[in-house]
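Read through the structure below, which is laid out as structure tokens, and then see the notes.
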Number of protein chains: 2
Amino acid sequence: MEEQNTNMPDKPKGSAEIILDAAREEFAEFGLEGARVDHIAARANINKAMIYYHFGSKEKLYQAVIDDHVGRIAAFAANQNFDAENPAVIIEKIAEYMNRMFAERRSFVPIFLREIASGGDRLRDSFTRLIRESGITARFRSLIAYGQATGQFRDISAEHAVASFIGMNVFYQIAAPVFNRVWEIHDEEKFRSERPKVVADLFLHGLLK
Amino acid sequence: MEEQNTNMPDKPKGSAEIILDAAREEFAEFGLEGARVDHIAARANINKAMIYYHFGSKEKLYQAVIDDHVGRIAAFAANQNFDAENPAVIIEKIAEYMNRMFAERRSFVPIFLREIASGGDRLRDSFTRLIRESGITARFRSLIAYGQATGQFRDISAEHAVASFIGMNVFYQIAAPVFNRVWEIHDEEKFRSERPKVVADLFLHGLLK
DNA sequence: ATCTCCTAACTAACCATTTAGTTCAACTAT
DNA sequence: ATAGTTGAACTAAATGGTTAGTTAGGAGAT
């Protein structure tokens, strides 16, 4: 029986959500081991015991942050429409989707990196489900198969193609702080916004005969 | 005044080096915050105080591990010969170089990821120097410029091209544990060894008119 | 006798987790 | 209405295990 108080401009956040917001930032900045429960409490302006009351342990809070991230990314993916006649259009749509996904959930990037660094155990399952359900893998496979059947595309394994395509899209999002310095990119936002089109174009031409 | 005892089959490692070996593994597995100095001492079969005797602090030991990694990668890069007439050959050589670099220093991958996750501060300088000195950036820029001047290549910014090329090469090396599961790659070593050729081919065709 | 390499045993601080108790709003029986 | 009951949300202050870093000293070579 949830009531919407129409006087409230923003719905008031419960303390669990406030904690989650604080934890998201703390974990993104310092990682699971580097994060301090006291800091999260301080950020959230809340008593430390409340964290244990709501989440049970530091580890469980961390998992809750990850689940929340993956859930939102999944919701975002579900809203996406990758249907199109033209392979070029689909490829560009997917590139744009990845770009926006990272742009909108930047605090997920460091968590993602550190998780992969420690073997990916905490992500493998939820991430696999997320990607399967989004239908991107299927879409991609049929895209390549169709292109090859119609003789437009060269003979390239779908798996290698995706690994390359994802890498092209994702690498800069991840490595920007170092890449910018090495390659003297001064206007990061501009470069970032140019990427999807350039990547889609390069990839498509790479596939074509 | 380093002496080489010719009787010894393998040159005996000094304790500093033994510590460094142990630290490399511990830090790769758990990161700076997650690593335990006592574990490093145990791995090295050495008293904990020796670590402080030789390295001063956990943080300095960590930095020593990074410097050692970057130094060896730099040495490896210096041995590489990227000279070739044919753009296709150069591209493939660079792809193969990246592949081997990651294969031979896999314990650097998690360290690299976690460093980038925390802003890249500890890497930016040494890494920039490494890449500059290896001459790869210059080689790449002139490669693209030459290809465009001779009319073989389409008009693509060198920076975007590299970001894409590195991403294609590096992504799988990094994300294999999750990627394999999502895309059902069962023979990781095979897939890994196929990558450089496939990547170089895809990239080259992407550039060509 | 002094320098290098090494050890066992310590300590001080840190930090996740617990505990014991408080507040307050909603519900219930009188 | 009112006193009593409950349970969820909350707090201040421990507790105690862990962990980076220290110390005081010993063996062996030069």
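Values in this document were obtained by computation on a predicted structure and should not be read as measured data.
The distance between atom NZ of Lys48(B) and atom C1' of dT7(C), rounded to the nearest whole Å, is 13 Å. One atom, CE of Met50(A), and another, C1' of dA16(C), lie 17 Å apart when rounded to the nearest Å. A straight line from NE2 of His54(A) to C1' of dA9(D) spans 7 Å, rounded to a whole angstrom. The distance from atom CD of Glu59(B) to atom C1' of dA20(D) is 13 Å, rounded to the nearest whole Å.
Nearest heavy atom pair, residue Ser193(B) against residue Pro196(B), reads O-CD, 3.4 Å.
Side-chain N/O atoms of His39(B) include none lying less than 4.0 angstrom from OP1 or OP2 on dT19(D). Between dC14(C) and Arg36(A), no contact under 4.0 Å exists linking OP1 or OP2 to a side-chain N or O.
Among the protein residues, Ala41(B) comes within range of no part of the nucleic acid, since none of its heavy atoms lies under 4.0 Å from any strand.
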Pairs: protein N or O with nucleotides 27-30 of chain D N or O, under 3.5 Å:
none

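For Asn47(A), whose side chain is taken as the heavy atoms from C-beta onward, the closest listed nucleotide among dA16(C), dC6(C), dT11(D) is dT11(D). Closest contact between the side chain of Asp38(A) and the listed nucleotides dT19(D), dG21(D), dC15(C) involves dC15(C). When distances are taken from the side chain of Ser57(B) to each of dG21(D), dC10(D), dA16(C), the shortest belongs to dG21(D). Comparing dC5(C), dT17(C), dA20(D) by their closest approach to the side chain of Lys58(A) singles out dT17(C). Of the candidate nucleotides dC6(C), dA20(D), dA16(C), dC6(C) has the atom nearest to the side chain of Ser15(B). With distances taken from any side-chain atom of Tyr52(A) to the nucleotides dC10(D), dC6(C), dT18(C), the minimum falls on dT18(C).
We find that Arg36(B) and Glu33(A) are not joined by a salt bridge, their nearest charged nitrogen and carboxylate oxygen being 4.0 Å or further apart. Using a 4.0 Å cut-off between a side-chain N of Lys or Arg and a carboxylate O of Asp or Glu, Glu96(B) and Arg100(B) do not qualify as a salt bridge.
Phe140(A) pairs with exactly one of Tyr97(A), Phe165(A), Tyr146(A) by the ring pair (Phe, Tyr, Trp, His ring centres under 6.0 Å) rule, that one being Phe165(A).
The line from NZ of Lys197(A) to CD of Glu92(A) is 4.0 Å long, rounded to the nearest 0.5 Å. Taken to the nearest 0.5 Å, the CZ atom of Arg114(A) stands 9.5 Å off from the CD atom of Glu115(B). Between the CD1 atom of Ile19(B) and the CG atom of Leu61(B) there is a distance of 7.5 Å, given to the nearest 0.5 Å. Between atom CG of residue Asn99(B) and atom CD of residue Glu104(B) there is a gap of 10.0 Å, rounded to the nearest 0.5 Å.
If you find the closest nucleotide of DNA chain C to Ala16(B) and to Gly56(A), the one lying nearer the 5' end belongs to Ala16(B). Each of Tyr53(A) and Ala49(A) lies near DNA chain D, and the nucleotide nearest Tyr53(A) is the one positioned closer to the 5' end.
Ring to ring, Phe191(A) and His186(A) are not that close: their centroids are 6.0 angstrom or more apart.
Axis angle, first five pairs versus last five pairs of the helix from dA1(C)-dT30(D) to dT30(C)-dA1(D): 10°, rounded to 10°.
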